[in-house]
Every structure is written in structure tokens, then in C-alpha cells.
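Counting convention: from 1, in listed order, for ligands and their atoms alike. The shown structure was predicted, so the numbers you read here are calculated from the model rather than taken from an experiment.
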Amino acid sequence: MNDSAFHYVDGALHVEGVPAASLAEQFGTPLYVYSRDALTRAYRAYADACAGRKATVHVAVKANSNLAVLNVFARLGAGFDIVSSGELARVLAAGGKASYTVFSGVGKSAAEMREALEAGVKCFNVESIPELHALNEVAKSLGKKAPVSLRVNPDVDAKTHPYISTGLKSNKFGVAFGDARATYREAHDMANLDVVGIDCHIGSQITEVSPYLDAVDKLLDLVEQIESDGMSIRHVDVGGGLGITYDDETPPDIGDFVRTLLAHFEKRGHGQREVYFEPGRSLVGNAGVLLTRVEYLKPGEEKNFAIVDAAMNDLARPAMYEAFHRIVPVIERKASARLYDVVGPVCESGDWLGRDRELAVEQGDLLAILSAGAYGFVMSSNYNTRARAAEIMVDGERARVVREREEVKQLFASESILPD
Ligand SMILES: *Cc1c(COP(=O)(O)O)cnc(C)c1O
């Protein structure tokens, strides 16, 4: 939990200067609440550590793509990392610049490439030879040269959950390390591509620096080979993936992480190289919570259940990755705690938000699911025809709705029944 943005005052959880309970009363539950201050401080930790170096921060939009969240970063001068043309549209709508935006993703369509080229994105992070050919064709049809970086798979173990580990050989992402040098030669020979960089992204929720240092070493080895082949590489993009504290993890501090990586470039004689970062989770994860109300308490022989009004459709991470989120009372009770599984109303046994949690709660109480700012709302769905939660941004004493709660009638407004 971000200590100063989310804190208790006389037993009542506050988000900056606003009591969480009053937000739930005013806007209903389930409710995503973000802190502008927490977003700002996380971004500044990256930006400050980059100061004085040719290093830039590209916010990974997929972690939290709410326009107000993106706008907070855009105002701070951030670049962005997108994985679809939909995310490009969001960046532009939020006041971000295409020229500060890199386009990642393993399956970009020709239509997406066209939109991104026309908008003038900074770089395409390309993941395969067929994609290079496709991009070359699209650029040719527009009479442009597409700026290209190759995502190389450095085959390092990020020591994280298999679903969020992306830098191993066995994984669908990137060009195999052993094929990279030849692939660069191919890219170089394509008339409508402009080779400008190299990138990797080794996974997510990484809590150690060593996998990054291994990845940087491998990328720099390649850069040296590629440049000896007569191409020049302007930037090295180290991806995102820095972890946060959900439970008792101890990831490196953002500033220390950035400084350690940049020092490593220097140590390798690449201190002048441009470095890109693509953080997602570490910017937004601990800047958001999900507020939910206890509908029923259901004591059982083996387990007690606290059935809440948020569910796997609102926050998929526990069901999807068995992810842990701390769950705390919005108003602390003096009563003694019992062990509960905190579950939602969706008709799936996988619909749980926390297991074996010690809580002093009663029916009608509010709970806060912490660290919900990353891969929270963006992964939400309408499963069970549940309208998605509202999103709120707190800024000091003020709270603003930054996404209205959906209404059920919207959910099937674009459906139709057969005429006969
Ligand atoms: C998801 C992703 C990121 C952000 O990852 P986090 O773990 O949220 O920091 C960065 N770059 C790429 C290419 C990604 O796919």
C-alpha cells in the first residue's frame, strides 16, 4: 500500500484527503479508486532517476488505460507503450503524443500498422520476420519509412509466474536470441523500414534486478554484433515488468532499479546509449484500490465465506493467476477477527478475491482490495451480465468520476433478436 495516499485516520481508510467510505456512499460499489498523488510519485521516481541521461519512460497503457490515468502521465511528459490501435486512440484522446509512443505486441494487424504510421508513432517493436515484411509493405503503400526495433527474447528467467513470464525460449514473444543478428540484416535490407532500436520485455511482477542485468548484457552483446555489421542502434528498450508489493514481496525501489540499470549500461561502455523503460504495474498497481461491500456472511463447517459485491469480472487476477491482493476493512472494527474466503457472486468456484483472510467484518461492511490499480479494471468483463464498476480519481480533497458505472441496458444495447 502506498503509505501516504492510502492510510487510516481514526480507524477509517482514506484515499489522500477523502474517506473511502464516503466515496462508496456517493458512488456505490464495487468502485475503483485511484490516487493522482500516488500515480504522480511513481512516475516521478522513474523520471527523476532518468534525469541527466538519455533515458525515457513509456507508460504501458495495458496496465491501466483509463483516460484520466493516462492524462496524469501525459501532463508529466510521459511517453507510452501500446499494444493495439485501440490503445493508441486512448493515448491521443488523453493528450499523449504519438511521437512519444512505442507500439509493442505480437500480432499487429496491417490496419493497426497503418493507423500507427499515419499517427506518427516513435517506434514499432516488431516480434517476427513475417511482421517485418508486413510492416515494410504497409509503410511502402503509405510512402513512409517505419521506425523499427526488434523484440529479442533474451532467454532469461524472470523468476515470476509462468503466465507473466515472457523472456524464456518456450514463450510466444520476441525473436529468438540466436536468430536476432540475421533478422536485423533482413530488416536493414527492407526499403521502407528504418532500424532504430532493440527491445525486450522479460516478464511481469519481477522482484529482483538480476534478470534485467542478464537481459541487458545479452542485448548489448547483440548491439555490438549488429553495429559491427554496419547498422546503428539508437536505443535499447528494456521493457517493463518491475514488481510491486502485494503481500510481502520486496521489489527494488523504482529509483534504485533505474539507477542500477543505467549504471550497468555505463559499466558496459554504453553510457551514451538511449534507454527506454516501459513500466506498467509499478506505476499504477499501488495507486488504486477496489472498494466492495459485504453482502452476506456465510459460516461453514470448513470455511467461512464473506460474499461481496465485487467479483472475478471486476478483478480477474485472483481467478486468473491465483494472485494475492491484501483485503482490509474500510472502517476498522474492534471485534475479534475470523478467517474468511472473500468471494464474489459470479457462478464459478474460481470467483474468489482472497482466501483465508483474517477479518473482523459484519454484513454491510465495506472492504478495500488493495493494489488493484494495475490489470484491474482493464481486465474486467461483463460476465454474468454484470455492469462494470465506476472509476474515481482522488486528487487531494476532491474526487472525480473518471468512468461512469455501466448500466445494464448498455450491456445488450448492440444486440438484437431475430425478426421472425
Ligand atoms: C505488459 C508489458 C509491459 C508492462 O509490464 P508491467 O509488468 O506492467 O510493467 C511493458 N512492455 C511490454 C511489451 C508489455 O507487454
Side-chain angles (χ1 to χ4, degrees), residues 39 42-43 45-46 56-66 69-70 73 78-84 86-88 90-91 100-108 112 116 121-128 131 148-154 156 158-168 171-175 197-209 211-212 215-216 219 235-246 249 251-252 254 257-258 261 275-288 316-317 320-321 323 371-379:
L39 295 169
Y43 181 81
Y46 273 99
T56 39
V57 184
H58 302 80
V59 176
V61 172
K62 76 176 192 281
N64 188 323
S65 58
N66 181 282
V69 171
L70 300 181
F73 293 128
F80 294 93
D81 168 44
I82 57 167
V83 293
S84 70
E87 288 190 351
L88 175 59
R90 281 183 177 274
V91 166
Y100 286 17
T101 299
V102 298
F103 193 170
S104 300
V106 71
K108 302 170 197 79
E112 289 183 308
V121 298
K122 186 179 183 181
C123 187
F124 288 84
N125 291 351
V126 171
E127 303 214 10
S128 66
E131 190 191 338
V148 164
S149 161
L150 279 184
R151 174 167 176 177
V152 172
N153 187 334
V156 298
K159 304 181 185 106
T160 183
H161 189 286
Y163 280 16
I164 51 178
S165 177
T166 52
L168 283 170
N171 195 287
K172 75 172 175 181
F173 296 104
V175 175
I198 189 166
D199 64 282
C200 71
H201 172 69
I202 57 175
S204 200
Q205 185 54 16
I206 300 167
T207 53
E208 293 171 44
V209 184
Y212 287 97
V216 167
L219 290 193
H235 74 259
V236 176
D237 180 340
V238 298
L242 182 63
I244 62 171
T245 302
Y246 286 99
E249 305 91 335
I254 291 170
F257 166 76
V258 170
L261 255 65
V275 181
Y276 294 1
F277 293 90
E278 298 175 349
R281 188 189 313 270
S282 53
L283 289 173
V284 295
N286 274 332
R317 299 189 68 257
M320 195 158 161
Y321 313 111
S371 312
Y375 306 104
F377 185 88
V378 286
M379 283 184 150

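Closest of all the heavy-atom pairs between Ile82 and Glu87 is CA-OE1, 3.3 Å.
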ask   = Would Leu261 and Phe277 count as a side-chain contact (heavy atoms from CB on, under 4.5 Å) if you check the C-alpha gap in whole Å, the side-chain angles of each, and the deciding distance to 0.1 Å?
value = CA-CA 10 Å; Leu261 255 65; Phe277 293 90; 3.9 Å; yes
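In summary, the side chains of Tyr100 and Thr56 do not present any donor paired with an acceptor at a separation below 3.5 Å, with no hydrogens or angles considered.
Taking the six-membered ring for Trp and thresholds of 30 and 60 degrees, Tyr43 and Phe73 have ring planes inclined between 30 and 60 degrees apart. His58 and Tyr276 have tilted rings, their planes meeting at an angle from 30° to 60° on a 0 to 90° scale.
A salt bridge links Glu131 to Lys108: one of the charged nitrogens lies within less than 4.0 Å of a carboxylate oxygen.
Residues lining ligand 1 at a heavy-atom distance below 4.0 Å are given as Ala60, Lys62, Asp81, Ser104, Arg151, His201, Ser204, Gly240, Gly241, Glu278, Pro279, Gly280, Arg281, Tyr375, ordered by chain and residue number.
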